[in-house]
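Input: a single structure, listed below in structure tokens.
The figures that follow rest on heavy atoms only: side chains count, while hydrogens, waters and symmetry mates do not. Within every chain, numbering begins at 1; the chains are lettered A, B, ... in the order of the sequence lines, protein sequences first and strands thereafter.
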2 protein chains.
Amino acid sequence: MELLFLGTGAGVPAKLRNVSSLALLLLEERNAIWLFDCGEATQHQILHTSLKPRKIEKIFITHLHGDHIFGLPGLLGSRSFQGGTTALTVYGPKGIKAYLEAALQLSGTHLKYPLTIVEMEEGILFSDDQFTVEGLLLDHNIASYGFRITEKDKKGTLDAERLKAEGVPPGPLYKKLKDGETVTLEDGRIIAGGDYVGPPQKGRVIAILGDTRPCNNAVILAQHADLLVHEATFSADSAQMAGDYFHSTTAQAAEIARRAKAEALCLTHISSRYSKEDWQELEKEAQSVFPNTKLASDFFKVKVDTQKTTR
Amino acid sequence: MELLFLGTGAGVPAKLRNVSSLALLLLEERNAIWLFDCGEATQHQILHTSLKPRKIEKIFITHLHGDHIFGLPGLLGSRSFQGGTTALTVYGPKGIKAYLEAALQLSGTHLKYPLTIVEMEEGILFSDDQFTVEGLLLDHNIASYGFRITEKDKKGTLDAERLKAEGVPPGPLYKKLKDGETVTLEDGRIIAGGDYVGPPQKGRVIAILGDTRPCNNAVILAQHADLLVHEATFSADSAQMAGDYFHSTTAQAAEIARRAKAEALCLTHISSRYSKEDWQELEKEAQSVFPNTKLASDFFKVKVDTQKTTR
Ligand SMILES: [Zn+2]
Ligand SMILES: [Zn+2]
């Protein structure tokens with residue numbers, strides 16, 4: 001489980017920061033990539049990575065501003081052109097379906113894979129035996145969603161070595177022990193699975209938010225998250241302007257992470273008014289409120305580790 | 001009058017060739033840039049040039065395939081964001097208006113300049129005292145236009161030095177002489193403007209074509225053009241495939257230039273199946289039919305000189 005930032009700028013593309021897109025790499029977990037937002041030239045950014053567009057399984061769109069969606073029709077078309085045949089689902093606010101269907105139809109783009117477009121409402125958007133994704137509305141000048149991606153807890157690991165050492169022969173029995181059952185061996189011994197299974201592995205939680213002012217739903221989505229990705233369009237001293245434009249400052253984003261008791265924070269959606277020389281200062285502004293903060297840049301990669309202990 | 005190729009690939013972006021866009025630089029002539037096609041990330045390509053998006057006065061779209069239009073909504077928005085306030089006109093096939101209006105509205109993109117969208121038919125698209133632009137349909141699997149841009153002829157230069165040497169005083173008189181009139185001086189001398197005016201300067205002609213199979217309208221548009229820009233998606237030995245996909249080969253494009261008696265040919269829309277090592281060979285294939293051929297690459301610039309003699 002890794003996050004790869006594909007575009008970390010705001011509003012318009014700049015040489016060093018493209019418009020928004022973020023890839024959640026679930027290659028070990030399900031051999032899939034989930035994309036969050038798809039600004040123009042996201043597929044171009046992907047050309048400079050090892051990501052395979054055909055592995056993109058889901059695309060979540062936070063909101064419909066151009067810098068978050070204008071790369072979508074091209075990416076969908078190229079995924080087909082490059083041999084993608086597996087199903088893809090796009091989740092986005094109301095209006096995404098008509099937009100995408102019109103763009104694909106007008107341009108004569110015929111996809112060779114099944115495309116499902118889900119117009120979201122608040123609540124659980126997706127759930128299977130591995131992950132749940134929940135969406136809540138944030139505070140922006142158009143409907144803008146934040147997402148909480150929750151990995152299901154995994155059962156503890158069975159200590160097969162110890163069982164073997166104690167003469168318990170491997171077989172279907174092990175599955176029962178792993179499930180915590182108590183079994184009686186042929187020699188009469190009674191073995192409780194619980195004694196041989198480690199603690200359950202807590203699933204990881206990531207919160208990825210669209211453009212927003214600081215708001216309570218941001219805190220809810222990020223509650224105890226292993227990683228929060230929050231916009232920080234402006235520097236700490238520009239709270240007035242951030243509010244006027246429905247965005248957040250570095251310090252405001254950090255305050256959300258602090259209130260949510262998140263483990264780590266990545267800042268993105270950095271305005272092009274800040275040059276490379278300013279970035280470290282922006283990061284420090286946030287770190288003074290929430291120390292475990294990184295200011296993302298394009299192609300910045302962060303690994304989300306499994307928590308060693310339950311929270 | 002220069003052409004700057006912004007994207008010279010076909011279908012999908014590749015590392016070395018972006019999807020289609022071509023800038024006609026009319027900076028000396030009218031302090032303006034005209035764009036032909038606007039594939040995804042055209043605005044990103046522009047970031048790597050000295051072009052100012054606010055100077056883009058007209059955008060001509062050859063056809064509605066995604067690799068020719070998906071950069072348009074973003075470019076229009078960024079032109080506004082970056083302070084563009086002067087009027088812009090987009091010319092394109094039927095459907096372009098609904099597409100653009102929907103994309104801008106959905107994304108909440110409010111332009112701070114007047115945007116006019118003209119859905120084209122064959123014929124004269126635009127004419128003023130400097131240029132005429134004519135469009136004709138080509139042979140593609142959707143409506144695809146070619147454009148002939150004709151610069152108006154310029155009157156010959158008045159030899160003011162000689163007039164002064166002969167004692168003809170500068171003044172409003174010179175304007176009449178330049179227009180070819182005959183005037184009588186106060187001292188009774190009769191001066192014929194025609195004797196002091198050089199030959200008229202023939203206006204330049206450029207033909208820029210959208211995706212097409214070889215066709216007669218291509219020859220008509222390129223007739224005696226100073227420069228023809230023609231697609232060459234495939235190599236000379238792939239005529240069957242080119243035909244199947246409604247495209248042209250290098251040799252077919254060159255044959256159009258030869259038949260049209262054009263002065264020069266630039267090939268673009270090169271399939272990504274050809275790697276950098278193949279490009280010279282592709283160019284040679286065309287040169288064997290039409291020697292004055294260049295295979296364009298991204299950021300390739302070509303100057304179109306004024307003809308020294310009338311044709
Ligand atoms: Zn944004
Ligand atoms: Zn094309």
* Asked: Tell me, side chain or backbone of Ala98(B) under 4.5 Å from chain A's heavy atoms, or both, or neither?
  -> neither
* Could you give the distance from CZ (Phe70(B)) to CD (Gln43(A)), rounded to the nearest 0.5 Å? -> 9.5 Å
* Asked: Around Gln105(A), counting heavy atoms of other residues, nucleotides and ligands shown, do more than 12 lie under 6.0 Å from its CD?
  -> no
* Checking Ala102(B) against chain A: side chain, backbone, both or neither under 4.5 Å from a heavy atom? -> neither
* Should we count CD of Glu101(B) as having more than 12 external heavy atoms under 6.0 Å? -> yes
* To do: Name the option with the most non-hydrogen atom pairs under 4.5 Å to chain B; the candidates are Gly11(A), Gly39(A), Gly108(A), Gly74(A).
  => Gly74(A)
* Any idea which heavy atoms bring Leu75(B) and Glu40(A) closest together, and the distance? -> N-OE1, 4.4 Å
* Can you say whether Asn18(B) sits under 4.5 Å from chain A via the side chain, the backbone, both, or neither, judging by heavy atoms? -> side chain
* With the side chain counted from C-beta on, respond yes when Lys15(B) and His44(A) share a heavy-atom pair under 4.5 Å apart, and no when they do not. => no
* Asked: By a 4.5 Å heavy-atom criterion (distance strictly below it), what part of Ser272(B) contacts chain A: side chain, backbone, both, or neither?
  -> neither
* Are the side chains of Leu64(B) and Ser107(A) in touch, meaning some heavy atoms are under 4.5 Å apart? -> no
* Structure fact -> One option among Pro73(A), Ser78(A), Gly66(A) has the most heavy-atom pairs under 4.5 Å with chain B, and it is Pro73(A)
* **Portion of Leu106(B) that has a non-hydrogen atom of chain A nearer than 4.5 angstrom** => both
* Under 4.5 Å from a heavy atom of chain A, the part of Phe81(B) involved -> side chain
* Asked: Within a reach of under 6.0 Å around CD of Glu121(A), are more than 12 heavy atoms found that belong to other residues, nucleotides or ligands?
  -> no
* Does Tyr245(B) OH have over 12 foreign heavy atoms under 6.0 Å away? -> no
* **Which atoms of His65(B) approach chain A - backbone, side chain, both or neither, heavy atom under 4.5 Å** => both
